[in-house]
Amino acid sequence: MSKLNIPMVDLKGQYQTLKQEIDNGIQDVLNATSFILGPNVQALEKEVADYCGVKHAIGVASGTDALHLALLAAGIGPGDEVITTPFTFIATAEAIAYVGAKPVFVDIHPDTFNIDASLIEAAITDKTKAVLPVHMFGQSADMDSIADICKKHKLKIIEDCAQSFGAEYAGKKSGAYGDLGCFSFFPSKNLGCYGDGGMVITNDDAMAENVRMYRNHGSKVRYYHSCIGYNSRLDEMQAVILRVKLKRIDEYNTNRYNNAQAYTSKLKGSTITAPFEDGKGSHVYHQYTIMSDKRDAIHQALTDRGIASAVYYPVPLHRQEVFAEDYKDISLPNAEAVSEKVVSLPMFPELRREQIEQIMETVLSAI
Ligand SMILES: *Cc1c(COP(=O)(O)O)cnc(C)c1O
């Protein structure tokens with residue numbers, strides 16, 4: 001069989017369709033030479049706040065920084081505990097560690113890959129200050145249940161929306177439900193720039209002001225510093241790219257959704273588990289992640305045919321070298337089992353039906 005060349009994400013193809021607009025916007029920045037916190041960052045903050053239906057959006061240097069600065073702004077610090085999921089990218093827990101707090105891992109629901117809200121209450125102690133759910137692969141965690149628990153125990157909710165830009169839950173955009181929502185604009189994310197970038201959204205004026213202060217050297221007024229802050233600003237050039245793509249985000253997410261349905265239709269009657277949609281919100285399919293006992297064979301067959309695939313995530317966080325010693329006495333069976341069975345297939349708005357057929361043909365041939 002002929003070798004194909006299908007990537008996980010086709011950023012080159014997408015750039016070709018946006019080239020004129022992006023190149024012109026970048027040229028304008030070069031002409032204006034307003035490089036740090038310039039008019040495009042300000043405009044993007046307004047546009048994202050409007051899109052998400054919140055009062056404030058603050059551009060920062062990455063998704064990891066968005067989480068870090070959100071935790072600081074929420075007043076989380078040394079000795080505090082933050083409940084989160086073990087089945088996520090390391091940055092979720094790194095940010096908790098940066099502020100001196102302890103990540104408390106609660107197992108996931110094996111269908112949705114999201115934190116199992118029914119297990120959260122048992123993990124709350126008198127040190128717990130917040131719950132940090134991740135909307136894994138583009139589908140919201142069970143926010144109604146999480147919010148009930150957080151209200152009862154007076155905990156903050158900080159959402160990791162790195163994979164869920166534009167998803168909806170209970171009529172709200174991802175990130176608008178909790179106290180603070182954190183986005184990553186890493187190039188491969190649903191809304192991605194051409195470098196690193198991130199954003200924090202909130203309806204709370206004081207926390208918004210705190211994030212603004214932390215991202216810019218602890219300063220509210222230039223050259224007056226209230227606290228030790230960071231250099232964590234969203235870059236002006238990246239803001240140009242994000243503004244071009246934000247206009248098209250709903251179309252991109254719809255195409256992702258339709259691609260996912262096309263994939264799933266081919267899996268009917270097979271032993272492979274297709275992604276589960278819980279019907280509580282919209283899924284924006286950052287990843288299309290299947291589960292199979294033959295995961296490694298599927299991965300190999302795809303590689304042999306020139307089709308990219310990736311395992312997100314092969315090791316849950318409580319088993320990562322960095323955390324293993326501290327968490328050696330806990331076991332989180334769903335996260336552990338799922339990480340041995342998952343494999344994510346190419347997913348991007350421009351994926352063609354013919355490619356989906358070739359990919360699924362290869363997947364099904366391996367089981
Ligand atoms: C990508 C990602 C991050 C980190 O974002 P960066 O912009 O790469 O710092 C955090 N959490 C999750 C779930 C992610 O997927």
Side-chain angles (χ1 to χ4, degrees), residues 8-9 11 41 44 48 57-72 82-99 103 105-106 108 112-115 130-141 143 157-167 174-175 178 180-201 211 214-215 230-235 237-239 241-242 245 253 256 283-289 310-318 320 322-323 335 338-339 342 344 347-348:
M8 285 301 281
V9 180
L11 292 175
V41 170
L44 178 71
V48 169
I58 306 110
V60 298
S62 70
T64 307
D65 281 6
L67 290 163
H68 179 194
L69 303 192
L71 285 157
L72 287 172
V82 177
I83 292 173
T84 193
T85 166
F87 190 70
T88 177
F89 182 57
I90 186 74
T92 310
E94 272 180 321
I96 297 170
Y98 291 161
V99 302
F105 298 115
V106 163
I108 58 167
T112 61
F113 307 118
N114 283 324
I115 191 166
V131 176
L132 202 171
V134 181
H135 308 307
M136 192 44 56
F137 303 143
Q139 177 166 249
S140 182
M143 294 306 290
I157 304 176
I158 298 164
E159 297 179 66
D160 182 338
C161 313
Q163 304 190 0
S164 61
F165 194 98
S174 197
L180 297 137
C182 304
F183 295 113
S184 163
F185 300 135
F186 188 82
S188 62
K189 301 287 157 90
N190 288 35
L191 180 63
C193 57
Y194 292 164
D196 280 304
M199 197 165 276
V200 179
I201 62 171
V211 175
Y214 282 118
R215 79 161 169 191
Y230 299 85
N231 177 345
S232 180
R233 298 164 299 224
L234 178 64
D235 187 84
M237 306 250 192
Q238 303 302 344
I241 292 150
L242 290 163
K245 292 202 194 184
N253 282 341
R256 286 172 177 275
H283 197 321
V284 294
Y285 282 100
H286 173 59
Q287 298 295 343
Y288 185 86
T289 303
V311 174
Y312 305 121
Y313 295 91
V315 181
L317 297 192
H318 63 295
Q320 292 284 350
V322 56
F323 290 129
V338 154
S339 59
V342 284
S344 300
M347 176 50 85
F348 48 91

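Quantities reported herein were computed from a predicted structural model and do not represent experimental measurements. Note that ligands are numbered from 1 as they come in the structure, with each ligand's atoms numbered from 1 the same way.
In summary, the atoms of ligand 1 found under 4.0 Å from a heavy atom of Ala162, numbered by their order in the structure, are 2 (C), 3 (C), 10 (C), 11 (N), 12 (C), 14 (C), 15 (O). Ligand 1 places these atoms under 4.0 Å from at least one heavy atom of Ala91: 4 (C), 10 (C). Each of the atoms 13 (C) of ligand 1 lies under 4.0 Å from some heavy atom of Thr88. Listed by number with element, the atoms of ligand 1 under 4.0 angstrom from any heavy atom of Thr92 are 11 (N). Close approach to Gly63 involves these atoms of ligand 1, each under 4.0 Å from a residue heavy atom: 5 (O), 6 (P), 7 (O), 9 (O). Listed by number with element, the atoms of ligand 1 under 4.0 angstrom from any heavy atom of Val134 are 13 (C).
Centroid-to-centroid, the aromatic rings of Phe137 and Tyr285 stay 6.0 Å apart or farther. The distance between the ring centers of His68 and Tyr98 falls below 6.0 angstrom.
With atom 7 (O) of ligand 1 as the reference point, the heavy atom nearest to it among Ser184, Gly198, Pro187 is part of Ser184. By heavy-atom distance, the residue among His135, Glu94, Gln163 lying nearest atom 15 (O) of ligand 1 is Gln163. For atom 8 (O) of ligand 1, the nearest non-hydrogen atom from the set Phe137, Tyr313, Phe186 belongs to Phe186.
Of all the heavy atoms in Ile157 and Pro133, the pair that sits closest is CG2-CD, 4.1 Å. Closest of all the heavy-atom pairs between Met199 and Ala57 is SD-CB, 3.7 Å. Annotation for Lys245 and Tyr194: closest pair NZ-CE2, 3.7 Å, computed over non-hydrogen atoms.
When each of Val211, Leu67, Val99 is checked for a side chain to side chain contact (heavy atoms under 4.5 Å, CB included) with Leu72, only Val99 meets the rule.
The shortest N or O to N or O distance between Asp160 and ligand 1 is below 3.5 Å.
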Would you list the atom pairs, donor with acceptor, under 3.5 Å between side chains in residues 83-97 and any protein atom, with sequence neighbours excluded?
unit_1 : atom_1 : unit_2 : atom_2 : d
Thr84  : OG1    : Leu132 : O      : 2.7
Thr85  : OG1    : Phe87  : N      : 2.9
Thr88  : OG1    : Thr92  : OG1    : 2.8
Thr92  : OG1    : Phe89  : O      : 3.2
Thr92  : OG1    : Asp160 : OD2    : 2.9

Under 3.5 Å, which donor-acceptor pairs link side chains of residues 182-193 to any protein atom two or more places apart or in another chain?
unit_1 : atom_1 : unit_2 : atom_2 : d
Ser184 : OG     : Phe186 : N      : 3.1
Asn190 : OD1    : His286 : ND1    : 2.9
Asn190 : ND2    : Asn253 : OD1    : 2.9
Asn190 : ND2    : Val284 : O      : 2.9

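Counting protein heavy atoms only, atom 2 (C) of ligand 1 is closest to Lys189 NZ, 2.7 Å. For atom 4 (C) of ligand 1, the closest non-hydrogen atom of the protein is Thr64 OG1, 3.6 Å.
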